[in-house]
Every structure is written in structure tokens, then in C-alpha cells.
Amino acid sequence: MRNRIVMLVDLDYFFAQAEETRNHSIRDKPVVVCVYSGRSENSGAVSTANYVARKLGVKSGMPIALAKRKLQNVDAIFLPVDEAFYEGISSRIMSILRDYSDRFEQVGIDEAYLDVSQRTNGSYEEAAGLARRIKDEIVKQHGLTCSVGIGPNKPIAKIAADIKKPDGLTVVRPEQTVEFLSPLPVERLIGVGVKTAEKMRALGVATIGNLAKRDVQGLIDVFGKKLGLYFHNASNGIDEEPVQEREEAESISRISTLKENTRDLSLILEKTNQQCEEIQADLENSGLNFKTVTVIAVMEDLSIRSRSRSLEKNTNRTEVLKGTVNGLFGKFLEEFNLEVRRVGVKVSGLAKDEKSQKQLTSFIKQG
DNA sequence: GTATGCTTTCGGC
DNA sequence: TTACGGCCGAAAGCATAC
């Protein structure tokens, strides 16, 4: 088979840029999009900031009060997140991207992989041209810039897109993959987290190039067959994971901040019951049921704890969800002595209602 | 022994 | 000087199954 060409399109500082498109007058100012928790005026965190704000030290996840401090002497714009607005822009851009691809895979609200092997006849030259047309069209239609990475597979396309931001376009041809990957730290590889990176560092492996030189068997001995093989291949620029539409979400969750820190179970359940009902509505809309229930608590010291329970079989019953959450949180409070700041509920092990019905029916018939 | 699944934590955006 | 979201999938680490 000829060259596979994968493109990763990443919308730049998406929420803040979306805000810029509906109010051009803020473009040259620091723009900070925030999640306000409602506790006090500035309680909450920064979701995204534009590059003007980033240059002044504002980062995603930072407390709003700290961002304000960093921007106290400048004319900065602080805005609350407007997810419905961003979702609308995202879905229109995603359908543009889908039209430009042979195969398409959206990742999150602002990123997508495009397999463009066929329509470019395996030509990186053509792929780069296609990327420019895509960038032009997104600017024309929606006034947004994006950063694009092009490579022979998903990991390389993703890493390439990170090389130049914002408004970047980075092409890594198959014959360049080794020199491209070699100097990069292992953490850039998808699947290498802090712990794995530490393990690798202990083996004297700091860069992807170091990793590529290790023998496969040694990696398999340390990381197991699956991961060992993956590290060996990916570090050598090889990855066969196809670009394909994602299935249904794997989990649905809600988390929110309490008015005050508490250890009062009934106050907690008041909040989690609301969350259960919202999750229930989502489940009904998508015809899904769940296997596992998780409760999440962010303590007063901001440490995060969770407890989960898998049910014997999938269900979509609200009473089961609320009851399980109740039980988990009751036990949880016995285990920890800190006050709780934020609470959340998550369901996972999702399955289609109809499908499980059919399976159940045929199982009963067989029996 | 490896694969798989479950629970908990981590980290990106 | 402190300050602190919401949601997701990935990773880690262990238990159990095969």
C-alpha cells in the first residue's frame, strides 16, 4: 500500500478565539475564558486564554483571582464559558473537516484526525496544500485559526501539530520521522505519563531516540507485551492505529462546587441527586445504560478522591444510580476526615439499551 | 505468566 | 500572599481469570 497520510487539526486557544470572533474589539487584549464556581465573585479557574494573556503569564487551570492579579495593570477581558456557543462553532467546523477527509475522528471539542491518504494519492505535497485550503476555509467561514500536523500516522501528526502554534502547519514525511522524533522527550509520546517516563529515565531513556534504540524484548520485559511493542514501534515512527469515528462516549459525569465546604451527607446528596438527574437525562437522550457508578470528591485541600462500584448488570434506573451514590458517599465520609469542596458523579461501562434488550431476549429464548 | 477487568489517580484541554 | 472548574480519556496498580 502507498503512503498513509494522517492530519491532526487543532483549533487554537479555542474558547478564547471563539469569543474573539463574536467581538473583534477584544482581539488585541488579553482574553481569559473562565469557569466561575459561584462561591464568590472570583472563585473558579481559567479554562482558556488567548496568546496575549498567555504571554502575560495566564495559563489554563489557574485560579481566576491569580489571573486577575497577573493582568491587573492591563485592559483584560474576563468572560464566562459559553459551551453551547463553542459547541455550535465546533460542530460546523468538524463537518467541514469531515468533508475534507477519507476517514475522520474527532477528539474532544477542538481537535480531529483526518486520514487523507486517498484524496492526496499519498503525496505529502498535496496533503500540505489540502491543509492550507482547510485552514483558509476555517478562517473564511468562521474566522478561526488552527494548527495542523501532517505525518504517516496519528502519533506523529499529533506531535507535529504541537511544534508550531498558533496558526501552524508542520509536515513530517515518512523519511523524516526518525530525525523528527529522536530528540523529543519520551513524554511527547502518547501513552507515556509521568510514571512511565520515570521508569524510562531510570533505564537511561530520556528521548524518543533513546527509546527507539532499546531492543524490543527488553521493553517487553519491563512494560509488558502490549506496551513494550507499542513503545518500540511508536518510537521508531511506526503506528497502525486507524483513523475512525469514535463510538459513543465511554463515560458521562457531572461535577460541581458546593456553596460551602461540608461533611454533611444530606447536603452532599442534595447536590449529587441533581447531578444524577442530569446524567439520567443524558442517558435517556442517547439510549444508554451503565455498569459502573463513581463518586468524586474534591476535598478542602483540593486533593481529589473517588470511589466506584460496578453493578452486576447494566441498568438505567435512577433509583439505582441515586442509591449507589448514596452508599458510596456514606462510606466515603467514614473514610476521610477532611471537608468536601466539590462533588461529582460519573457513570461508565455504558451500553445501548436496545442492544442489551435484544441480547437478553435471545438469551431467554435460548434458555 | 499474560490478559483482562476493576478501582483509583493523573493529566489535557 | 492566597487564590482553584468541569469534563473527559489515559495511566497506574492491583486482583482475578484464563
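What's counted below: heavy atoms across the whole structure, side chains too, no hydrogens, waters or symmetry copies. In what follows, chains carry the letters A, B, and so on, assigned in the order in which the sequence lines appear, proteins first and then strands, with residues in each chain numbered from 1.
Residue A:Asn42 is classed as having no contact, given no heavy-atom separation below 4.0 Å to the nucleic acid. The residue A:Gly44 sits close only to the backbone: its heavy atoms come under 4.0 Å of sugar-phosphate atoms, none of a base. Note on A:Ser251: only backbone sugar-phosphate atoms sit closer than 4.0 angstrom, heavy atoms only; bases stay farther off.
The side chain of A:Ser308 lies closest to B:dT8 when the candidates are C:dG5, C:dA10, B:dT8. The listed nucleotides are C:dG5, C:dA10, B:dT7; the one nearest the side chain of A:Thr292 is B:dT7. When each of B:dT7, C:dA3, C:dG6 is scored by its nearest atom to the side-chain atoms of A:Ala65, the top-ranked nucleotide is C:dA3. Here the nucleotide nearest the side chain of A:Arg305, chosen from B:dT9, C:dC7, B:dT7, is B:dT9. Among C:dA3, C:dG5, C:dC8, the nucleotide with an atom closest to any side-chain atom of A:Arg69 is C:dA3. Relative to the side chain of A:Pro63, the nucleotides C:dA3, B:dC6, C:dG5 differ in distance, and C:dA3 lies closest. When distances are taken from the side chain of A:Leu66 to each of C:dA10, B:dC13, C:dA3, the shortest belongs to C:dA3. Residue A:Lys158 places its side chain closer to B:dC13 than to any other of B:dC13, C:dG6, B:dT8.
Within 6.0 Å of atom CD in A:Glu41, 12 or fewer heavy atoms from other residues, nucleotides or ligands are found, so the atom counts as exposed in its surroundings. Around the CD atom of A:Gln72, the shell of radius 6.0 Å holds more than 12 heavy atoms that belong to other residues, nucleotides or ligands.
One atom, NZ of A:Lys59, and another, P of B:dG11, lie 17 Å apart when rounded to the nearest Å. Atom CE in A:Met62 sits roughly 15 Å away from atom P in B:dG12 (whole-Å rounding). Summarising the geometry, the separation between CD1 on A:Ile255 and P on C:dC4 is reported as 15 Å, rounded to the nearest angstrom.
Nearer to the 5' terminus of DNA chain C, by closest-nucleotide assignment, is the contact made by A:Gly61 (compared with the other of A:Gly61 and A:Ser253). Nucleotides of DNA chain B nearest to A:Arg307 and A:Ser60 differ in position, and the one nearer the 5' end is that of A:Arg307. Projected onto DNA chain C by closest heavy-atom contact, A:Val46 and A:Ala249 fall at different nucleotides, the more 5' of which corresponds to A:Val46.
Between A:Phe332 and A:Phe336, the angle of the ring planes lies from 30° to 60°, which puts this pair in the tilted group.
Residues A:Ser266 and A:Asp264 bring a donor and an acceptor atom of their side chains to less than 3.5 Å of each other. Between the side chains of A:Tyr100 and A:Glu137, at least one donor N or O sits under 3.5 Å from an acceptor N or O.
Here the separation of B:dG12 from C:dC4, taken at their P atoms, is 22 Å to the nearest Å.
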